[in-house]
Amino acid sequence: MSVVKVMLSFILCYLLGSISFAVLFSKIAGKDVRALGSGNAGSTNMLRNFGVKWALFTFAGDFLKGSLGVFLTGLINSDSPNEALIKEIAVIFLLLGHMKPIFFSFKGGKGVATGLGALAVVAPKTFSVIFVLGILIAGISGFVSLAAISMSVLYPIITLFSAVYSKSPVGTAEIVYIAVAFLIGAMILYSHRANFKRLVRHEENSIYKKRGKNRG
């Protein structure tokens with residue numbers, strides 16, 4: 001394993017994550033999304049302030065940068081026996097870039113779309129399960145934040161069960177992989193801490209009906 005390649009991969013992922021499509025698209029539309037609604041540079045705030053089209057563009061951009069970051073990490077480290085683990089750790093740097101973008105004063109989004117895009121490459125089967133469940137939860141409850149929180153909890157749990165109940169023995173690499181999955185879930189959970197409090201207080205905005213102040 002080349003330490004230089006690994007470090008370059010992580011730096012690349014942070015820089016890719018730092019490309020804030022919400023800020024770029026909102027400025028194209030005439031305003032900075034960070035000065036509107038919740039101030040969050042993400043798809044939900046884009047939806048509430050700029051409409052479906054710009055929200056979809058933002059989600060697609062964030063999703064694709066997550067996928068691209070992991071894909072490029074795999075290419076750079078294709079000769080490493082720890083390629084899968086390196087790609088998993090790269091997700092952390094993609095999320096860090098998205099949440100604290102160096103190009104946009106370290107004020108970014110909550111990492112859901114970027115995390116999903118990365119997960120689609122890292123663990124496509126797990127991605128399929130939690131993405132479908134996330135859509136169902138958002139559709140039934142009306143709360144995007146509840147879907148995001150649920151997905152961030154499900155990902156490390158599914159990763160843990162997949163490792164424990166696989167035919168291969170759980171070694172050091174698998175333990176680190178599981179630990180990183182829990183860290184990724186924790187990062188997204190932490191970014192939704194305010195949403196969680198509003199959900200508990202029944203003050204969170206629904207996608208079907210706005211409640212109180214514009215939040216995202």
Side-chain angles (χ1 to χ4, degrees), residues 1-21 41-42 59 61-104 106-131 134 148-166 168-193:
M1 179 177 71
S2 170
V3 175
V4 173
K5 285 184 179 181
V6 172
M7 295 308 297
L8 284 175
S9 302
F10 294 162
I11 293 170
L12 174 64
C13 283
Y14 174 75
L15 294 176
L16 268 176
S18 291
I19 301 172
S20 178
F21 288 96
F59 183 89
D62 288 342
F63 186 97
L64 289 172
K65 76 181 180 185
S67 297
L68 180 61
V70 175
F71 175 74
L72 291 175
T73 297
L75 282 182
I76 294 169
N77 299 280
S78 59
D79 58 344
S80 171
N82 297 311
E83 179 190 348
L85 180 57
I86 295 169
K87 290 195 292 186
E88 175 84 356
I89 297 173
V91 181
I92 293 174
F93 289 88
L94 283 161
L95 292 177
L96 281 174
H98 181 80
M99 295 173 181
K100 301 294 180 182
I102 193 171
F103 305 130
F104 299 97
F106 301 101
K107 188 177 180 183
K110 297 180 180 179
V112 177
T114 300
L116 285 171
L119 184 58
V121 180
V122 170
K125 290 182 180 178
T126 303
F127 161 77
S128 300
V129 172
I130 69 169
F131 186 62
I149 290 168
S150 300
M151 289 188 291
S152 65
V153 171
L154 283 170
Y155 172 50
I157 291 175
I158 293 174
T159 302
L160 174 62
F161 275 86
S162 297
V164 171
Y165 290 100
S166 67
S168 304
V170 178
T172 303
E174 286 75 21
I175 291 172
V176 175
Y177 194 96
I178 293 166
V180 172
F182 272 90
L183 178 56
I184 290 168
M187 289 174 70
I188 296 183
L189 268 179
Y190 184 76
S191 72
H192 285 82
R193 61 195 182 280

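A heavy-atom distance below 4.5 Å is not found between the side chains of L154 and T126. Between I184 and E88, the closest side-chain pair of non-hydrogen atoms falls below 4.5 Å. Inter-residue side-chain proximity for L85 and E174 is flagged as unmet; no heavy-atom pair is nearer than 4.5 Å. Here the side chains of I178 and P156 are not in contact, with every heavy-atom distance at 4.5 Å or above. Counting heavy atoms from C-beta outward, L183 and I92 have side chains that approach closer than 4.5 Å. Proximity of V91 to L119: side-chain heavy atoms (C-beta onward) are nowhere separated by under 4.5 Å.
Considering every non-hydrogen atom in both I86 and F10, the closest pair reads O-CE2, 3.6 Å. Summarising the geometry of G69 relative to L16, their closest heavy-atom pair is CA-CD1, 3.7 Å, with the distance given to 0.1 Å. The minimum heavy-atom distance between K100 and Y14, with the atom names listed, is O-OH, 2.7 Å. The shortest non-hydrogen separation linking K5 to I76 is CD-O, 3.3 Å. The two residues G117 and S67 have their closest heavy-atom pair at O-OG, 2.6 Å. Looking at every heavy atom in both residues, A118 comes nearest to L94 through CB-CD1, 4.2 Å.
Atom CD1 of I158 and atom CZ of F127 lie 12.5 Å apart (nearest 0.5 Å). In this structure, NZ in K87 is found 11.0 Å from SG in C13, a value given to the nearest 0.5 Å. Interatomic distance, OG1 of T114 versus CG of L68, reported as 11.5 Å (0.5 Å rounding). Note that CG of L75 and OG of S9 are 9.5 Å apart. Values are rounded to the nearest 0.5 Å.
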message: Determine whether I19 and D62 satisfy the following criterion, side chain to side chain contact (heavy atoms under 4.5 Å, CB included), listing intermediate values before the conclusion.
response: CA-CA 8 Å; I19 301 172; D62 288 342; over 6 Å; no
message: Please evaluate residues K110 and M99 with respect to the criterion side chain to side chain contact (heavy atoms under 4.5 Å, CB included), reporting the C-alpha separation (whole Å), side-chain torsions for both, the decisive distance (0.1 Å), and the verdict.
response: CA-CA 6 Å; K110 297 180 180 179; M99 295 173 181; 5.7 Å; no
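Annotation: ring-ring contact (aromatic ring centres under 6.0 Å, His included) contacts of F161 (sequence neighbours excluded): Y165. Listed by chain and number, the residues in a ring-ring contact (aromatic ring centres under 6.0 Å, His included) with Y177 amount to none (sequence neighbours excluded). S152 pairs by the side-chain contact (heavy atoms from CB on, under 4.5 Å) definition with I188, L189, not counting sequence neighbours.
Remark: the backbone N or O of I102 is paired with a side-chain donor or acceptor of S18 at under 3.5 angstrom.
For the residue pair H98 / K65, a side-chain donor-acceptor distance below 3.5 Å is found, with atom types taken as modelled.
For F103, the CZ atom counts as densely surrounded, since its 6.0 Å shell holds more than 12 non-hydrogen atoms of other residues, nucleotides or ligands. Atom CZ of F182 is surrounded by more than 12 heavy atoms from other residues, nucleotides or ligands within 6.0 Å.
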